[in-house]
Number of protein chains: 2
Amino acid sequence: MLDATSSYNPMTDTSPADNRSRRTPVDDMTGHRIVPDTTRRAARTPGNRYGNRPTMKDVAARAGVGLKTVSRVVNGEPGVTPETERRVQEAIDALGFRRNDSARVLRKGRTASIGLVLEDLADPFYGPLSRAVEEVARAHGALLINGSSAEDPEREQELVLALCARRVDGLVVIPAGDDHRYLEPEVKAGVATVFVDRPAGQIDADVVVSDNFGGARDGVAHLIAHGHRRIGFIGDMPRIHTAAERLRGYRAAMEDAGITVQGSWMSLGVTDPERVRRAAEEMLAGPRPVTAIFTGNNRVTVTVVRVLAEHPPGAALVGFDDIELADLLRPGVTVVAQDAAALGRTAAERLFRQLDGTLLAPERIELPTRLVTRGSGELPPAH
Amino acid sequence: MLDATSSYNPMTDTSPADNRSRRTPVDDMTGHRIVPDTTRRAARTPGNRYGNRPTMKDVAARAGVGLKTVSRVVNGEPGVTPETERRVQEAIDALGFRRNDSARVLRKGRTASIGLVLEDLADPFYGPLSRAVEEVARAHGALLINGSSAEDPEREQELVLALCARRVDGLVVIPAGDDHRYLEPEVKAGVATVFVDRPAGQIDADVVVSDNFGGARDGVAHLIAHGHRRIGFIGDMPRIHTAAERLRGYRAAMEDAGITVQGSWMSLGVTDPERVRRAAEEMLAGPRPVTAIFTGNNRVTVTVVRVLAEHPPGAALVGFDDIELADLLRPGVTVVAQDAAALGRTAAERLFRQLDGTLLAPERIELPTRLVTRGSGELPPAH
DNA sequence: CCCGCATCTGACAACGTTGTCCAGGCTCTA
DNA sequence: TAGAGCCTGGACAACGTTGTCAGATGCGGG
C-alpha cells in the first residue's frame with residue numbers, strides 16, 4: 001500500500017543527488033530574501049504521486065463525459081442533467097475521487113485558509129484565543145493553519161513566511177519580534193494581517209491588544225487601596241511589549257500614590273519557575289520585605305501562589321491573567337483578567353473585514369481588562 | 001491597496017450569479033461522496049489575483065534570465081554562477097517575490113503539512129498534545145493545520161475531508177465519531193493516518209491511546225484501598241470511547257472488591273457544570289450517600305472540586321486527567337494523570353514513520369497513566 | 001582548428017483544476 | 001417546417017511551479 005522505500009522529505013529534494021558543485025547560498029543580502037532549503041537527500045522515486053489519486057480526468061473517462069462536466073458536478077454548478085450527474089457521482093464514489101484543492105487554489109487565487117502564529121499552543125492563555133480565531137474562520141469557510149513561535153523572532157518570521165508561501169488569505173500574528181518590515185511585500189500583495197496581544201513593529205497594521213497598562217495600574221492601585229506600600233513586581237522581559245506595559249502600569253500606580261519604587265522590589269525577565277521562586281522569596285525576606293506582590297502573567301502567578309502557600313500567610317497577591325481554579329484556593333487569587341477569546345474573536349473578525357474590503361485604515365483596538373477580587377488581593381499588609 | 005468592492009467568499013463562487021436553474025444536488029448517494037458548496041454570492045471581480053503578486057516569470061524578466069534559472073536560485077539548486085544568482089536575488093528582493101507553494105505542491109505532490117483534528121483547542125488537555133504534534137511536524141519540516149470537531153462526528157468528517165482535499169501528507173485525528181470508513185479512499189491513496197486518544201471505528205489504522213481502563217481501575221481501587229465502598233462515578237457519554245473505558249475501569253475495580261454498584265452512584269453523559277453539580281450533590285445527599293467520587297475527566301473534576309469545597313468536608317475524590325494547581329488546593333486533588341504531550345508526540349512520530357515508509361502494519365499503542373496522590377483520594381470514609 | 005567535455009542556461013511540458021467559449025441538440029413559436 | 005433561443009456538454013487555455021532535455025558557452029588537448 002505504501003512505498004516502503006521512499007522517505008519523507010517534502011519540498012526539499014533536488015533532481016541530482018550530486019552535491020559536489022553546490023554553491024553555498026550567500027546570506028549577506030539585506031531585507032526580504034528567499035532562504036533556500038538546506039536539507040538534501042536522495043531523490044524520491046518518481047511518479048506515483050499522491051499514491052495515484054484519481055483526478056477529474058479519470059472520473060470523466062469513467063463516466064464517459066467531459067472534464068468540465070465533472071467539475072460542474074463537483075462544484076454544484078448548474079447545467080448538468082440529473083442523469084449525467086448521477087453517472088458522474090457514481091464514478092466519483094467508485095474511484096474515491098477527492099478534489100485537489102492545491103490545483104483549485106492555483107486557479108482561483110484564494111486558499112480559504114488563514115494562518116495563526118502564536119507563542120505556544122500549550123499555554124492555557126492561547127487555547128481559547130486560538131479556538132476563537134478558528135470559530136470565526138470556520139464561519140467564513142476558512143481553515144486554520146497555526147504554529148508556535150516559542151517567543152523566537154526568527155522562528156516567527158520563518159513561520160509567517162512559510163504561511164505566506166502557502167498563500168494563506170490572512171494572518172493573525174502574536175508577535176515575538178519587534179520588527180515586522182519583512183511583512184511589507186506580503187501586505188502589499190494583499191495578505192490581510194492582524195496583530196494580537198502585542199503591537200506590530202515598524203509596520204502599519206491592525207492591532208488588537210488588552211489594556212495592559214491600565215489593567216496593571218488598576219491591579220496595583222487595588223493593592224495600594226488596601227494599605228500596601230511595599231509592593232513587589234515580578235514580570236517577563238520588558239522587550240516583550242505586554243510585559244513592558246504592565247511594568248509601566250505598576251510604576252504609574254506607585255507614582256500616583258507617591259511611593260518610590262525600590263529596585264529590589266522588581267524582578268524582570270525571569271519566567272522559569274525556579275528563578276521566579278527565588279525572586280519571590282528574596283522579596284519576602286530581609287528586614288523590610290514587600291507586603292504584596294503583583295505578578296506579570298499567569299505562569300509567574302502560579303509559581304508565586306506556590307511560594308506564598310509555603311510562607312507564613314500574609315503577603316497579598318494580584319496577578320495578571322486569570323488562572324483556572326483561582327477561586328478555589330485559600331485565599332482565592334485576585335487577578336486582572338483579560339479575555340483571550342475576545343482578543344482572538346476581535347482580531348479574526350477584523351481580518352475578515354479586511355478581506356471583505358469593508359475595512360480601510362489600520363486601527364489599534366484595546367480591550368478592557370477586569371479586576372476579579374477573590375481574597376488574595378484584599379489582604380491587609382502584614383507588617 | 002485592497003479592492004474595496006470584492007467580498008471574501010473563497011472557493012465558493014460559480015460563474016453565473018443566476019441561480020434559477022440550479023439543481024439541488026441529490027444527497028441519497030451512499031458512502032463517500034462530494035458535497036457541493038452550498039453558498040453562492042456574486043462573482044468576484046476577475047483578475048487581480050493574489051493582489052498581483054510577482055511570479056518567477058516576473059523575476060526572470062527583471063533579472064534577464066530564464067524561468068528555470070530563477071527556480072534554481074530560489075531552491076538553492078546547483079548550476080548557477082554567482083553573478084547570475086546575484087542578479088536573480090536582486091530581482092527577488094526588489095519585487096518582493098515569494099514562491100507560490102500551491103503551484104509547487106501541485107507539481108511535487110507533497111504539501112509538507114499535516115492535519116490535526118481534535119475536539120476543542122481551548123481544552124487544556126489538547127494544548128500540550130497539539131503543541132507536541134507541532135514540534136514533531138516542525139522537526140520534519142511540515143506545517144500543522146488544525147481544527148476542532150467540537151465532539152461532532154459530522155464536523156469531524158467535514159474537517160478531515162477538507163484537509164484531505166488540501167492534500168495534507170498525514171492526519172492526526174482525535175475521533176469524535178465511531179465510523180471512519182469515509183477515510184478508506186484517503187488511506188488507500190497514501191494519506192498517513194494516526195488516531196489518538198480514542199480508537200478509530202471500522203477502519204484499520206494506527207491508534208495511540210492512554211490506558212483509560214487501567215487508569216480508572218487503579219484510581220477507584222485506590223479509593224477502595226482507603227476504605228471506601230460507596231463510590232460515585234461521574235463521567236461523559238459512554239458513546240465516547242474514553243468515557244466508556246473509564247466506566248469499565250470503575251466497574252472492574254468495584255467488582256474486584258466484591259462491591260455491587262448502585263445505579264444512583266453513576267452519572268453518565270452529563271458534562272455541563274450545572275448538571276454535574278446536581279449529580280454530585282445528589283450522590284452526596286440521601287440516607288446512604290457515597291463517601292468518595294471518581295470523576296471521568298478534567299472538566300468534571302473541576303466542578304466536583306467546587307461542590308466538595310462547599311460541602312462539609314469528608315468525601316474523597318480521585319479524578320481522571322491532571323488539572324493545574326491541583327496540588328495547591330486543600331486537600332490536594334488526587335488524579336489519574338495521562339501525558340497529553342506524550343500522546344501527541346507518539347502519534348506524530350508514528351505518522352512520520354508511516355510517511356517514511358518504515359512502518360508496516362497498523363498498531364495500537366497504549367500509554368500508561370500515573371496515579372498522583374495529593375490528599376483528596378486518601379481521605380477515609382466519613383460515614 | 002576541431003573535437004570532446006564540463007558547465008551553465010532556457011524552452012517546454014506537465015501537475016489538476018476552473019473560466020471561456022463554442023457546438024450541437026432541443027423546444028417553442030410563427 | 002424554419003428560425004430563434006435555450007440548455008447541455010466539451011475543447012482549450014491558463015494558473016505558477018518544477019523536471020527533462022537540449023542548446024550555448026568556454027576551455028583544454030590533439
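Numbers restart at 1 for each chain; the letters A, B, ... are given by sequence-line order, proteins then strands. Computed from heavy atoms alone, side chains included, the values below leave out hydrogens, waters and symmetry copies. As the structure is a prediction and not an experimental result, all values here were calculated from the model.
- Atom CD of B:E77 and atom C1' of D:dT18 are 8 Å apart (whole Å).
- Which of D:dT8, D:dG10, D:dT17 sits closest to the side chain of A:V65 comes down to D:dG10.
- Atoms CZ (B:R86) and P (C:dT9) sit 13 Å apart, rounded to a whole Å.
- Look at CZ on B:R104: it is 12 Å from C1' on D:dG19, rounded to the nearest Å.
- In this entry the distance linking CG of A:L106 with C1' of C:dA14 reads 12 Å, nearest Å.
- Look at A:T84 and you'll find a side-chain N or O under 4.0 angstrom from OP1 or OP2 of D:dG9.
- Considering only the side chain of B:M56, D:dT18 comes nearest among D:dC15, D:dT18, C:dG10.
- The distance from atom CZ of A:R110 to atom C1' of D:dG16 is 18 Å, rounded to the nearest whole Å.
- Atom CD of B:E154 is surrounded by 12 or fewer heavy atoms from other residues, nucleotides or ligands within 6.0 Å.
- One can place NZ of A:K57 at 10 Å from C1' of C:dC15, the figure rounded to the nearest angstrom.
- A straight line from CG of A:D101 to P of C:dG16 spans 14 Å, rounded to a whole angstrom.
- Between the side chains of A:E156 and A:Y182, a donor-acceptor pair is found at a separation under 3.5 Å.
- Residue B:N100 has no polar side-chain atom (N or O) positioned under 4.0 Å from OP1 or OP2 of D:dC15.
- In the set D:dG10, D:dG19, C:dG16, D:dG10 carries the atom at the smallest distance from any side-chain atom of A:R72.
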Could you please spell out the steps behind the side-chain contact (heavy atoms from CB on, under 4.5 Å) verdict for B:V133 and B:L351?
CA-CA 10 Å; B:V133 172; B:L351 190 80; over 6 Å; no
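- Relative to the side chain of B:T81, the nucleotides D:dT18, D:dT17, C:dC8 differ in distance, and C:dC8 lies closest.
- The phosphate of D:dC15 (OP1 or OP2) has no side-chain N or O of B:S102 nearer than 4.0 angstrom.
- Comparing atom distances between the B:R107 side chain and each of C:dT9, D:dG19, C:dT18 picks out D:dG19 as nearest.
- Salt-bridge annotation for A:R53 and B:E186: present, with a side-chain N of the basic residue lying under 4.0 Å from a carboxylate O of the acidic one.
- Phosphate proximity of C:dG10 to B:T69: present, with a side-chain N or O under 4.0 Å from OP1 or OP2.
- Taking the side chain as every heavy atom from C-beta outward, A:S102 and B:R166 never approach each other to under 4.5 Å.
- Each of B:K68 and A:S71 was assigned the nucleotide of DNA chain C with the nearest heavy atom; the assignment lying further toward the 5' end belongs to B:K68.
- The separation between B:R98 atom CZ and D:dT17 atom C1' is 16 Å, rounded to whole Å.
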